[in-house]
Amino acid sequence: MKISKKNLTPAQYLVFGYFIIIMLGSILLMLPVATTDGQGLGAIDAVFTATSATCVTGLIVVNTKEAFTHFGSTVIMLLIQIGGLGIMSMSTLFAFIIGKKISLKERLIIQEDLNQYQISGMVRLVQYLLGFTFAIEGTAAVILFFRLVEDYPTGRAIYLAIFHAISAFNNAGFDLFGNSLENFTGDITINFVIMALIILGGIGFGVMVEAYNRVKFKKTTLQTKIVLLITLALLIFGFIIFFVLEYDNTLAGLPLLDKTLGAMFLSVTPRTAGFNTVPTGALKQSSLFIIIILMFIGASPGSTGGGIKTTTFGVMLVTLKNMITGKEDMEVYNRRFEKKIVYEAFTITMLAAGLVVLVTTLLLVIEDFQFIDILFETVSAFGTVGLSTGITGQLSDISRVLITITMFAGRVGPLTLALAFGERVRKGKYHYPTEKVMVG
């Protein structure tokens with residue numbers, strides 16, 4: 001496959017763009033000034049950390065609080081912001097600042113980066129995206145500051161508030177407390193602010209634009225309806241399941257309010273956020289399996305989160321329902337979507353499942369950890385979640401490389417990655433005869 005700068009497709013631009021950002025971040029994290037020991041991170045650990053930050057994952061091989069200086073943590077924060085918003089959104093921001101016009105090619109790349117179907121309105125969407133992001137992060141940072149200043153000096157409280165507002169809204173999961181949010185299990189302010197940031201960052205900017213424009217629910221787009229329905233259903237499902245399963249385990253000994261907050265947070269964080277208020281490694285295997293499912297589904301299109309996306313899951317559920325009921329058209333909410341969408345949803349799910357199976361199998365061969373821990377780690381990397389049962393820092397170098405690749409694929413998207421390196425096949429001028437194949 002020949003690749004030249006002029007002939008790069010939008011998918012290829014995104015893949016190489018994220019790769020360049022990761023490499024630049026890796027170089028900065030390898031500088032002596034980036035780490036507290038004055039030696040900088042090793043090459044593999046630097047690439048792993050830069051990938052985790054840029055792909056807004058949150059998996060770490062070194063403790064962020066202990067290993068990095070103010071410079072190092074700031075580099076991570078900037079990588080999170082760039083990765084969460086998307087490289088094209090950040091490029092557009094700089095274009096706005098210098099007064100440069102956005103070309104058609106750049107609009108196509110923005111469309112690919114934000115998972116949008118229409119090219120019209122891309123620049124306006126980015127303007128909304130940037131405005132929403134800085135407004136939400138800024139408001140959350142102010143609220144977090146007033147809570148954290150009770151426990152930290154003013155300067156430190158400001159930095160912690162900004163860092164965690166950015167990390168939470170971009171669904172990254174990096175923290176500077178050393179043990180995620182386990183010190184704040186029953187803290188109402190911290191819990192609700194972080195959960196709100198995670199949910200807002202994960203529902204997609206298109207949904208936020210519709211909410212901002214105060215469009216009535218009956219007039220909202222089909223995508224927004226699916227996003228809101230699936231998101232709400234998964235949050236309620238997760239809360240009930242985790243409250244029941246962990247009541248006498250990680251939530252044992254806590255007051256009822258704290259148990260409720262803990263279960264709510266457990267339901268929200270698998271949506272690709274990566275924060276935790278109870279020890280993830282202490283969860284029951286049944287809880288870990290439910291989290292794996294939630295992480296695999298992930299957030300919504302055009303958001304800061306990963307996974308196969310809520311709409312993909314929703315389309316497959318609608319397809320399943322309609323196939324069982326014998327409907328030929330894929331109908332939901334008095335609307336019909338093209339079968340091409342079904343093919344895309346199936347392709348994304350199969351590519352994602354294939355990647356997870358492949359990486360999990362390789363890690364099982366290389367490492368000596370339990371199956372559930374390795375599967376959890378792999379899905380967490382693909383879903384750009386960042387939750388871990390505690391094995392990340394113990395992985396061998398080759399396993400860290402595999403997880404790094406998985407995080408990258410999860411952020412860029414398996415379909416985008418496939419399109420970037422696959423040859424496009426032109427439509428033929430003829431069709432072969434059809435023949436039935438028995439399935440099921």
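All heavy atoms count here, side chains included; hydrogens, waters and symmetry mates do not.
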Between [X] and [Y]: side-chain donor-acceptor atoms closer than 3.5 Å:
{"X": "Glu377", "Y": "Thr389", "result": "no"}
{"X": "Ser300", "Y": "Thr310", "result": "yes"}
{"X": "Asp258", "Y": "Thr185", "result": "no"}

From CA spacing to verdict: side chain to side chain contact (heavy atoms under 4.5 Å, CB included), Leu29, Val75: CA-CA 7 Å; Leu29 293 178; Val75 170; 4.0 Å; yes
Locate the shortest heavy-atom distance separating [X] from [Y]; write the atom from each residue and the value.
{"X": "Met407", "Y": "Phe48", "value": "CE-O, 3.7 Å"}
{"X": "Thr392", "Y": "Ile60", "value": "CG2-O, 3.2 Å"}
{"X": "Ser180", "Y": "Asn276", "value": "OG-N, 2.9 Å"}
{"X": "Ser73", "Y": "Leu176", "value": "CB-CD2, 4.1 Å"}
{"X": "Ser380", "Y": "Leu387", "value": "OG-O, 2.7 Å"}
{"X": "Gln285", "Y": "Gln370", "value": "NE2-OE1, 3.6 Å"}

Which distance, rounded to the nearest 0.5 Å, do you find between the [atom1] of [X] and the [atom2] of [Y]?
{"X": "Leu144", "Y": "Thr139", "atom1": "CG", "atom2": "OG1", "value": "11.0 Å"}
{"X": "Leu229", "Y": "Thr224", "atom1": "CG", "atom2": "OG1", "value": "12.0 Å"}
{"X": "Phe242", "Y": "Phe265", "atom1": "CZ", "atom2": "CZ", "value": "12.5 Å"}
{"X": "Thr361", "Y": "Phe371", "atom1": "OG1", "atom2": "CZ", "value": "8.0 Å"}
{"X": "Ile203", "Y": "Ile199", "atom1": "CD1", "atom2": "CD1", "value": "8.5 Å"}
{"X": "Thr347", "Y": "Ile308", "atom1": "OG1", "atom2": "CD1", "value": "12.0 Å"}

Any side-chain heavy-atom pair of [X] and [Y] under 4.5 Å:
{"X": "Met208", "Y": "Ile136", "value": "yes"}
{"X": "Glu246", "Y": "Val278", "value": "no"}
{"X": "Thr51", "Y": "Thr57", "value": "no"}
{"X": "Ile230", "Y": "Leu317", "value": "yes"}
{"X": "Val56", "Y": "Arg411", "value": "yes"}
{"X": "Phe382", "Y": "Thr360", "value": "no"}
{"X": "Val315", "Y": "Glu344", "value": "no"}
{"X": "Leu288", "Y": "Thr280", "value": "yes"}

Is NZ or CZ of Lys259 both nearer than 6.0 Å to the six-membered ring centre of Phe243 and within 45° of the ring axis?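 No, Lys259 does not sit over the ring of Phe243.
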Donor-acceptor contact below 3.5 Å, side chain [X] vs main chain [Y]:
{"X": "Gln394", "Y": "Gly390", "result": "yes"}
{"X": "Lys284", "Y": "Asn249", "result": "no"}
{"X": "Ser267", "Y": "Leu235", "result": "yes"}
{"X": "Ser52", "Y": "Gly58", "result": "yes"}
{"X": "Thr325", "Y": "Lys321", "result": "yes"}
{"X": "Arg400", "Y": "Asp45", "result": "no"}

Let's go through Val62 and Phe68 carefully: what are the C-alpha distance in whole Å and the side-chain angles of both, what is the deciding distance for side chain to side chain contact (heavy atoms under 4.5 Å, CB included) to 0.1 Å, and is it a yes or a no? CA-CA 9 Å; Val62 293; Phe68 295 103; 3.8 Å; yes
When the ring planes of Phe275 and His164 are compared, do they come out parallel, tilted or perpendicular, using 30° and 60° as the limits?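 Phe275 vs His164 ring planes: tilted.
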Looking at Ile398, I'd like to know if its CD1 atom is crowded, meaning that more than 12 non-hydrogen atoms belonging to other residues, nucleotides or ligands lie closer than 6.0 Å.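 For Ile398, atom CD1 is not crowded (no more than 12 foreign heavy atoms under 6.0 Å).
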Step-by-step side chain to side chain contact (heavy atoms under 4.5 Å, CB included) determination, Leu266 to Leu283: CA-CA 10 Å; Leu266 272 172; Leu283 295 172; 4.1 Å; yes
Using 4.0 Å as the upper bound for N to carboxylate O, is an ion pair formed by Lys65 and Asp175?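 Salt bridge: no.
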Can you list the steps and then say if Ile44 with Val61 is a side chain to side chain contact (heavy atoms under 4.5 Å, CB included)? CA-CA 10 Å; Ile44 292 178; Val61 288; over 6 Å; no
